[in-house]
4 protein chains.
Amino acid sequence: MMARTGRPRSAEADAAILDATREALVEQGWGGLTMADVAARAGVAKTTLYRRWANRNELVVDALGALFDELRMPDHGTLAADIEDVVLQFAALLDRPEVRTALMAVIAESSHDEGLRRRVRTAIVDRQKRLVVLGRHRAQRRGEIPPDDGTAATRAQVDLVFDVVAGAVVHRILVSGERVDAAWAAALSGLLREGLAGGRGGLGGGREGLGGGREGLGGGR
Amino acid sequence: MMARTGRPRSAEADAAILDATREALVEQGWGGLTMADVAARAGVAKTTLYRRWANRNELVVDALGALFDELRMPDHGTLAADIEDVVLQFAALLDRPEVRTALMAVIAESSHDEGLRRRVRTAIVDRQKRLVVLGRHRAQRRGEIPPDDGTAATRAQVDLVFDVVAGAVVHRILVSGERVDAAWAAALSGLLREGLAGGRGGLGGGREGLGGGREGLGGGR
Amino acid sequence: MMARTGRPRSAEADAAILDATREALVEQGWGGLTMADVAARAGVAKTTLYRRWANRNELVVDALGALFDELRMPDHGTLAADIEDVVLQFAALLDRPEVRTALMAVIAESSHDEGLRRRVRTAIVDRQKRLVVLGRHRAQRRGEIPPDDGTAATRAQVDLVFDVVAGAVVHRILVSGERVDAAWAAALSGLLREGLAGGRGGLGGGREGLGGGREGLGGGR
Amino acid sequence: MMARTGRPRSAEADAAILDATREALVEQGWGGLTMADVAARAGVAKTTLYRRWANRNELVVDALGALFDELRMPDHGTLAADIEDVVLQFAALLDRPEVRTALMAVIAESSHDEGLRRRVRTAIVDRQKRLVVLGRHRAQRRGEIPPDDGTAATRAQVDLVFDVVAGAVVHRILVSGERVDAAWAAALSGLLREGLAGGRGGLGGGREGLGGGREGLGGGR
DNA sequence: TATTAAACGAGACGGTACGTCGTGTCTTCGA
DNA sequence: TCGAAGACACGACGTACCGTCTCGTTTAATA
């Protein structure tokens, strides 16, 4: 079904190109990144890049995605400790200059390029999200949080936690320009733990409190 | 003090350029935005753009900043309602196509351009942050949250709330690509209310379950 | 007849502008000459330049023309000596850097600008040609050459001599890039003397050896 | 000796560009000539122009030089007839609108650009000069003029004749703005023939005749 | 082992935007 | 009213990158 003949593609070239891309991002930044420069650093012809990636954006997404693949969900025995660990891992990743300069750029580009959006989702977003899902399962097995009841509210809670954790870390590092240290990670973890527990089923349990009803919101104290 | 001679700059041109910039962003996206196109839309020469802004990035930051200037802190009587209102305002802003396509792009560029970073801070970030500060003051006057005690922990809490709120909204809309509706805003607000209240006024106060990292943050109590 | 009101134009400004034009030509060459630079050197606003000259070309023609005004027809007592003197004067003029760089340029521009062509003619060409006419008259008074007989051939000879003398000097200096010294001037003068004498008073009188083309020019005899 | 790799340059592009340059010169004149227009006419990208020529001046010199390459030295059997033929060829060349508008311009530019001066010399001046040298050899073989004696005077005479012929034609057409017809060519040819023959060994050798000796000038009648 | 077809390097190519510069006009203020 | 200062619309400049296209040269599977 597929061509079996001819010279096969070089696997070394792939790795060299991704490495060169990250190296160039560190030195030149997103705006200064050029395909010719990447090719030269990788010791490869421009043609070879375009044979594998359609354009600069897709190349960068893959180069970044490889880094996100290294994220690991630890098991420290408590949800809070697990969250803090992941937050710090994520922060360390965002602190890398190639990520700082390129992550938001490809997300911006993806806002008007559906193909790129899909690639960002599979290469980057889903690789983060699975940590949230995994951490949640572990916490449920430990009994720290109630098990899934299969409602939409459950899925909504996963999404909310994901957006809060990832969003807060991204915002602090890339927008506010502040460092994420253990203290900050603990603070965020604490906020989440109380927020989720305090909700007594909270959001996700999604009952009365959701959807506009906020009769109790804040009035609780 | 400064030169008073020569033909003064046209104030109309400034407004026309910023309008044209937003219009072009809507139609062409960040990647398709060109200075020549903006100039043509504004009925102005390219020179006139470059006389006011050093480059495309700074122009776009100012064009976006003007939108963030329209954010208002309402007074609904409760912190939760105030937060939800602001979250929805912010979400509406991020839903505008010119913001979706360009906000993350300029933040990415700012990661290796200190001047641009400052401009982003004053034109965009600080305009959001003052809402958090104002909302916090109101809630303190209402007695919903304890007054500032002047510690670093207090300032840290403001920063954390800001990063969580803004980060979550940005992440949900731009990264996850989901809509922010009243239900989601209420859920986020609830998470924050419980998270802040549960902490006994203190992030970092995090107790037993926390990883331990709280060297100084939580000392505020 | 003319408006007498308002501030009168500065006569000093005119001289300063022409001086500045020549100075700028020396330093920047024709291609590097800018109106703004001329204005700055003259201590004058660009407006003032454009109030007096319609464009760069006309300004330069006048700036060069002033130099050609200094050409003088001496009276050494013989035609040959007079020619040599004028040739050397002309050569000295063409050796000035502002003339080298700009004379051919304005002539080139004049090829598709009738107004400029007229200005070149009156400011530059006619100022050279009158020397030929004057020298011819003197030589006729001395009896070195026959008096005008009013025929077209007479006028044609004046033109031919003018084109040969001016053209040869211009070509040697600007095209061939060689110097004009007394020996060369004498050689040119000698060629002309023999050429005119040999012709038996007649260009076009050319006999047997000539190609045949003489339909009317030589009819002067 | 040189790199043999990569895609070779298109020879068609070269020809198309030079043609387009002459075409644009005819329609727009020297001042209206733009690289973008030439590229568009040639169906070529601007980059391709700049890959071959450093700037507009060098491009135009080559475009004009190709025309001067077509000059031919005929053999009519007499020096006079040969001169007239060449003069008319040269005049026809200078009458072409692309040459009228651009030749003096590039010569002007060459006055402060040594590289351009060299290019003008090889592409234009030397192509004319070889005709003088060739015509002189033929006339010597015919016995019309004495053979070279190897002195500097001989070389000086070649140069003088060249400057006189080329200079006179250029000056008449471009400066005086008059046409060159057979009659004028014959008159110039006659002047030269007599001037060279009358000199008895001509200029350079010419001593006594110089400076003061002009006893016979015009006295021929 | 020879064939063969794709991968590869090099670099020219058609495009497009960049940011700068010069032109000639205009608008303001002060002399 | 003139002049200085300088903003303005316009348009060309020469550069840089894009992504595509030839070239001639490897290189591994296949026949």
Side-chain angles (χ1 to χ4, degrees), chain A residues 2-10 13 31-40 42-56, chain B residues 3-10 12-13 31-40 42-56, chain C residues 3-10 13 31-40 42-57, chain D residues 3-10 12-13 31-40 42-56:
Chain A
M2 55 170 299
R4 304 299 312 283
T5 177
R7 177 175 173 177
R9 288 196 183 166
S10 160
L33 183 77
T34 73
M35 296 299 260
D37 181 39
V38 170
V44 140
K46 256 198 315 175
T47 325
T48 303
L49 266 69
Y50 283 106
R51 210 171 276 124
R52 291 161 163 77
W53 291 275
N55 53 52
R56 188 170 74 142
Chain B
R4 305 298 309 284
T5 179
R7 177 174 172 174
R9 291 198 182 164
S10 160
E12 295 174 21
L33 183 75
T34 73
M35 296 300 261
D37 181 40
V38 170
V44 140
K46 249 194 320 173
T47 323
T48 301
L49 266 69
Y50 283 106
R51 205 173 282 120
R52 291 161 162 76
W53 291 277
N55 52 54
R56 187 169 76 141
Chain C
R4 305 298 311 284
T5 173
R7 178 171 169 178
R9 287 194 182 168
S10 159
L33 183 77
T34 73
M35 296 299 259
D37 181 38
V38 170
V44 140
K46 257 200 310 176
T47 326
T48 304
L49 266 69
Y50 282 105
R51 210 171 277 125
R52 290 162 164 77
W53 290 275
N55 52 54
R56 188 171 73 142
N57 291 332
Chain D
R4 304 300 310 282
T5 179
R7 178 173 172 175
R9 290 199 181 164
S10 160
E12 294 175 22
L33 183 76
T34 72
M35 297 299 260
D37 181 41
V38 170
V44 140
K46 248 196 320 173
T47 324
T48 302
L49 267 70
Y50 284 106
R51 205 173 281 120
R52 291 160 163 74
W53 291 277
N55 52 55
R56 188 169 76 141

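In the text below, chain A, chain B and the rest are named by the order of the sequence lines, each starting its count at 1.
Closest approach to the Arg56(B) side chain among dC18(E), dC8(E), dC18(F) is made by dC18(E) (side chain taken as heavy atoms from C-beta onward).
Per the geometry, CH2 belonging to Trp53(A) stands 19 Å off C1' belonging to dT20(F), to the nearest Å. When rounded to the nearest whole Å, the span between CZ of Arg9(A) and P of dA5(E) equals 18 Å. Look at CZ on Arg51(B): it is 8 Å from P on dA9(F), rounded to the nearest Å. The separation between Asp37(B) atom CG and dC18(E) atom P is 9 Å, rounded to whole Å.
Remark: the Arg7(B) side chain and the dC26(E) base include a donor-acceptor N/O pair separated by less than 3.5 Å.
By the salt bridge (Lys or Arg N to Asp or Glu O under 4.0 Å) test, Arg7(D) pairs with no residue at all, sequence neighbours left out. With sequence neighbours left out, Asn55(D) forms a side chain to side chain contact (heavy atoms under 4.5 Å, CB included) with Asn57(D), Glu58(D). The side chain to side chain contact (heavy atoms under 4.5 Å, CB included) check on Ala39(C) picks up Lys46(C), Leu49(C), with sequence neighbours excluded. Taking Ala45(C) as the reference, Thr47(C), Thr48(C) meet the side chain to side chain contact (heavy atoms under 4.5 Å, CB included) condition, with sequence neighbours excluded. For Arg52(B), the salt bridge (Lys or Arg N to Asp or Glu O under 4.0 Å) partners are Asp14(B), not counting sequence neighbours.
Each of Thr48(A) and Ala54(C) has a nearest nucleotide on DNA chain E; the 5'-most of these lies closest to Thr48(A). Across the interface with DNA chain F, nearest-nucleotide mapping of Ser10(B) and Gly6(D) shows Ser10(B) to be the residue nearer the 5′ end. Each of Arg52(D) and Tyr50(B) has a nearest nucleotide on DNA chain E; the 5'-most of these lies closest to Arg52(D).
How far OG of Ser10(D) is from CZ of Arg51(D): 11.0 Å, rounded to the nearest 0.5 Å.
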Using the 3.5 Å cut-off, write out each protein N or O paired with an N or O of nucleotides 10-12 of chain F and the distance between them.
residue, atom, partner, partner atom, Å
dC10(F), N4, Thr47(B), OG1, 2.7

